[in-house]
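Report on the following structure.
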Amino acid sequence: MARTINKRVLPGFGLSLGFTLVYLSLIVLIPLSAVFFKTASMTPEQFWQAVASPRVVASYKLTFGASLLAAAINAVFGLLLAWGLTRYTFPGRKIVDALIDLPFALPTAVAGIALTAIYAKNGWIGSLLEPFGIQIAFGPPGVLVALTFIGLPFVVRTVQPILEDLETEYEEAAASLGANRWQAFQRVVFPALFPALLTGFALAFARAVGEYGSVIFIAGNIPMVSEITPLIIITKLEQFDYKGATAVASVMLVISFFLLLIVNGLQAWTARRTGRTV
Amino acid sequence: MAGAVATLDARADTASKFEANPATRDSPWVKFVVIGLGVTYFVIFLLLPLVAVFAEAFRKGIETYFEALIEPDALSAIRLTLLAAALSVPLNLVFGVAAAWAIAKFQFPGKNLLITLIDLPFSVSPVVAGLIYMLVFGLQGWFGPWLRDHDIKIIFAVPGIVLATIFVTFPFIARELIPLMQSQGKDEEEAAISLGASGMQTFWRVTIPNVKWALLYGVILCNARAMGEFGAVSVVSGHIRGETNTMPLHVEILYNEYQFSAAFAVASLLALLALVTLLLKNYVEWRARHTVSEEIA
């Protein structure tokens, strides 16, 4: 006690940190390290064959392309929704605000079959698009729809608090200097929102890259066409190709670590710019 | 998203403030277009799927609906889902509190790295989350042969499902508590200790009341994810009907067997869970705001 009496008045440091580290290691770090140990046991040729075969490369293109596009769509409409929810009063606003988080709360398998039901040929939206020869379900557009759904809350929820906190003075100053509303938005409001918008975009993208449950029902899962990378891992596992599955998983893990670092950097940037965390 | 309760300041109705001020008021047609586009997007991407779940569930009548729910395989799926949540939520709760206590109340090197590592499961694909437990406990994995010799089943059995669920819900409670407890500091606890309270008394009477809404918020989100997890659980489950099927996996099996009404009936329970989750979440946010503004006043 005498040793720490001035520094640590509160008890429980050793116990809480010890438990945290043990639990973190057992549940997360040690199992995750298994991916890299397993990958290290492969020869470079084996690894390359597993992660760079044409079918796997096609899945990367689809997964990253669709995730990027879905995150971009959500950046535009998420900003629009966040703006509408903070700046305007309209009937039903509270309900819209409360339901924005639905993709976080709704199990992905439920989202998957519901979206498939809507966008299939005989579905509510699918049947409207059918006469125009547009097919959403059971192809790459279905993947995009599912990834857009699950990424929807991120941009809204990162931009909304910044918009709420934004002092009116800046726009008042802009107006008094003769700026119209569009100029004030473009030069004053948007730069303040930009770090949060980018953070939301990165979060939505990172979530979409790993998504599985909502996509597999609506994608049709045609090899080379509408097969996402997480499904490749599942397929390899079902064929007992543990090494191949692990190799592809290691590629995905490296990309997720990289995205996590980017998101952390963006969050730090947002905090510096606006003085709050998102 | 981190620490939604922590960062939720008294969110007064800011919209009317912006609309009353000529410098921040948009022209009516801009308002009309923004709300029109935003709400259309909301309806197409969020509301329709939600409505579709219930519409499809009741398409063949109410009897088919309830038959799908009381069928033995469905009941066993519901039981397993409840079990997985009942084990993973308390474990992650204890972890979350311990991690937040260590991180918020003490200084030590590597703290930021630890916070990043706690968030790690969020950025790992659910499929990879399932795979890593296969690599540790599966037949070809590290402990596979040993487990087989001792007749212990983890993969394709309930323990694997629980482990995968713990992994995907790992950060939920910790990431709500850490930012809040960091912002609260340790003055109140130190005051309690210096007035003669024991460590336990301080924890239960000072710390927990201060963070109860964030704690509840984390538990609600953690529970929703635990009950709804699909990808990670799918990898380690083995899909044995009546034994290792959770509700989301049961939905998948029914759907793939073209029993659409039954699939949507079970899915509607999960959708109800999601709605209850959102309702509770909004209530907790409202209470948290209320408490904050009371304290300020």
Side-chain angles (χ1 to χ4, degrees), chain A residues 9-13 16-17 19-20 23 27-28 31-32 34-35 38 77 80-81 83-84 86-90 96 98-99 101-102 105-111 113-115 117-118 149 152 157 164 168 171-172 175 181 206 210 212-213 230 233-234 242 245 249 252-253 256 259-260 276-277, chain B residues 1-2 7 14-16 18 21 23-24 26 31 34-35 37-38 41-42 45-46 48-49 52-53 56 95 98-99 101-102 105-106 120-121 123-128 131-133 135-136 140 166-167 170 179 186 189-190 193 199 224 228 230-231 248 251-252 255 267 270-271 274 277-278 282:
Chain A
V9 181
L10 298 181
F13 175 64
S16 60
L17 187 65
F19 178 76
T20 301
Y23 190 75
I27 298 289
V28 180
L32 273 180
V35 170
K38 186 88 176 174
F77 285 92
L80 216 62
L81 271 169
W83 186 270
T86 37
R87 290 294 175 114
Y88 309 136
T89 48
F90 59 96
V96 174
L99 280 178
D101 286 325
L102 184 72
L106 193 71
T108 51
V110 178
I113 62 170
L115 289 170
I118 293 172
F149 172 85
L152 198 148
R157 292 307 189 216
E164 272 167 8
T168 51
E171 285 161 82
E172 280 163 7
R181 283 297 292 147
Y212 173 70
I233 297 175
I234 297 261
Y242 283 55
M252 291 207 70
L253 266 182
S256 345
L259 286 173
L260 183 69
R276 64 178 299 164
T277 51
Chain B
M1 289 294 100
T7 53
T14 46
S16 22
F18 287 119
N21 189 332
T24 55
D26 292 327
K31 176 177 170 176
V34 168
I35 294 176
L37 282 174
Y41 186 69
F42 166 83
F45 276 95
L46 284 190
L48 276 187
V53 173
E56 294 286 332
F95 162 73
W101 181 265
K105 309 292 178 194
F106 303 97
L120 201 55
S123 51
V124 173
S125 171
V127 170
V128 177
L131 169 82
I132 60 176
Y133 289 104
L135 296 178
V136 175
Q140 297 192 22
I166 292 175
F167 182 93
F170 186 86
K186 53 183 180 180
E189 279 86 357
E190 284 179 348
I193 297 276
F230 177 74
V251 169
E252 184 199 19
Y255 190 84
L270 290 167
T277 301
L278 290 184
N282 275 286

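In what follows, chains carry the letters A, B, and so on, assigned in the order in which the sequence lines appear, proteins first and then strands, with residues in each chain numbered from 1. This one's a predicted model, so the numbers in the text were calculated from it and none came from an experiment.
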Between [X] and chain B, with a heavy-atom cut-off of 4.5 Å, which part of the residue counts as in contact: side chain, backbone, both or neither?
{"X": "A:Leu99", "value": "both"}
{"X": "A:Ile113", "value": "both"}
{"X": "A:Arg181", "value": "side chain"}
{"X": "A:Tyr88", "value": "both"}
{"X": "A:Phe90", "value": "side chain"}
{"X": "A:Leu253", "value": "side chain"}
{"X": "A:Ala206", "value": "neither"}
{"X": "A:Ala98", "value": "both"}
{"X": "A:Ala175", "value": "side chain"}

Does the plane of the ring in B:Phe230 sit parallel, tilted or perpendicular to the ring in A:Tyr212? Use 30° and 60° as the thresholds. parallel

According to the interplanar angle, ranging from 0 to 90°, do the rings of A:Phe77 and B:Tyr41 count as parallel (below 30°), tilted (30 to 60°) or perpendicular (above 60°)? parallel

Take B:Trp101 and A:Thr20, measure what side-chain contact (heavy atoms from CB on, under 4.5 Å) needs, and give me the verdict at the end. CA-CA 10 Å; B:Trp101 181 265; A:Thr20 301; over 6 Å; no

In terms of heavy-atom pairs under 4.5 Å with chain B, which of [options] leads?
{"options": "A:Leu115, A:Val35, A:Leu260", "result": "A:Leu260"}
{"options": "A:Tyr242, A:Trp83, A:Phe13", "result": "A:Phe13"}
{"options": "A:Leu259, A:Val28, A:Thr108, A:Ile234", "result": "A:Val28"}

In Å, rounded to the nearest 0.5 Å, how long is the span from [atom1] of [X] to [atom2] of [Y]?
{"X": "A:Arg87", "Y": "B:Ile35", "atom1": "CZ", "atom2": "CD1", "value": "13.0 Å"}
{"X": "A:Glu172", "Y": "B:Asn21", "atom1": "CD", "atom2": "CG", "value": "4.5 Å"}
{"X": "B:Phe106", "Y": "A:Leu17", "atom1": "CZ", "atom2": "CG", "value": "9.5 Å"}
{"X": "B:Ile166", "Y": "A:Tyr23", "atom1": "CD1", "atom2": "OH", "value": "4.5 Å"}
{"X": "A:Leu152", "Y": "B:Leu46", "atom1": "CG", "atom2": "CG", "value": "4.5 Å"}
{"X": "B:Glu190", "Y": "A:Leu10", "atom1": "CD", "atom2": "CG", "value": "5.0 Å"}

Just give me the residue among B:Asn282, B:Val53, B:Val251 that pairs up with chain A most often, heavy atom to heavy atom, under 4.5 Å.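 Greatest number of close heavy-atom pairs with chain A: B:Asn282.
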
Interface check, chain A: of B:Ala52, B:Gly231, B:Pro121, B:Ala271, most non-hydrogen pairs under 4.5 Å belong to B:Ala52

Closest approach of [X] and [Y], non-hydrogen atoms and distance?
{"X": "A:Thr168", "Y": "B:Phe18", "answer": "CG2-CE2, 3.7 Å"}
{"X": "B:Pro126", "Y": "A:Gly210", "answer": "CD-O, 3.3 Å"}
{"X": "B:Gly38", "Y": "A:Leu80", "answer": "N-CD2, 4.1 Å"}
{"X": "A:Pro31", "Y": "B:Val136", "answer": "CA-CG2, 3.8 Å"}
{"X": "A:Ser16", "Y": "B:Ala102", "answer": "OG-CB, 3.4 Å"}
{"X": "B:Ala224", "Y": "A:Ala105", "answer": "CB-O, 4.5 Å"}

Using atom types as modelled and distance alone, determine if a side-chain donor or acceptor of B:Lys31 lies under 3.5 Å from a backbone N or O of A:Thr89. yes

Whether the side chain of A:Ser256 engages the backbone of B:Val124 through a donor-acceptor N/O pair (distance < 3.5 Å, no angle test) should be reported.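 No; judged by distance alone, with no hydrogens or angles, the pair does not exist.
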
Let me know if [X] has heavy atoms under 4.5 Å from chain A in its side chain, its backbone, both or neither.
{"X": "B:Ile193", "result": "side chain"}
{"X": "B:Glu252", "result": "both"}
{"X": "B:Phe167", "result": "both"}
{"X": "B:Thr24", "result": "both"}

Run A:Ile27 and B:Phe95 through side-chain contact (heavy atoms from CB on, under 4.5 Å) and show every step you take. CA-CA 11 Å; A:Ile27 298 289; B:Phe95 162 73; over 6 Å; no

For B:Phe45 and A:Ile118, run side-chain contact (heavy atoms from CB on, under 4.5 Å): C-alpha distance rounded to whole Å, both residues' side-chain angles, the deciding distance at 0.1 Å, then the answer. CA-CA 10 Å; B:Phe45 276 95; A:Ile118 293 172; over 6 Å; no

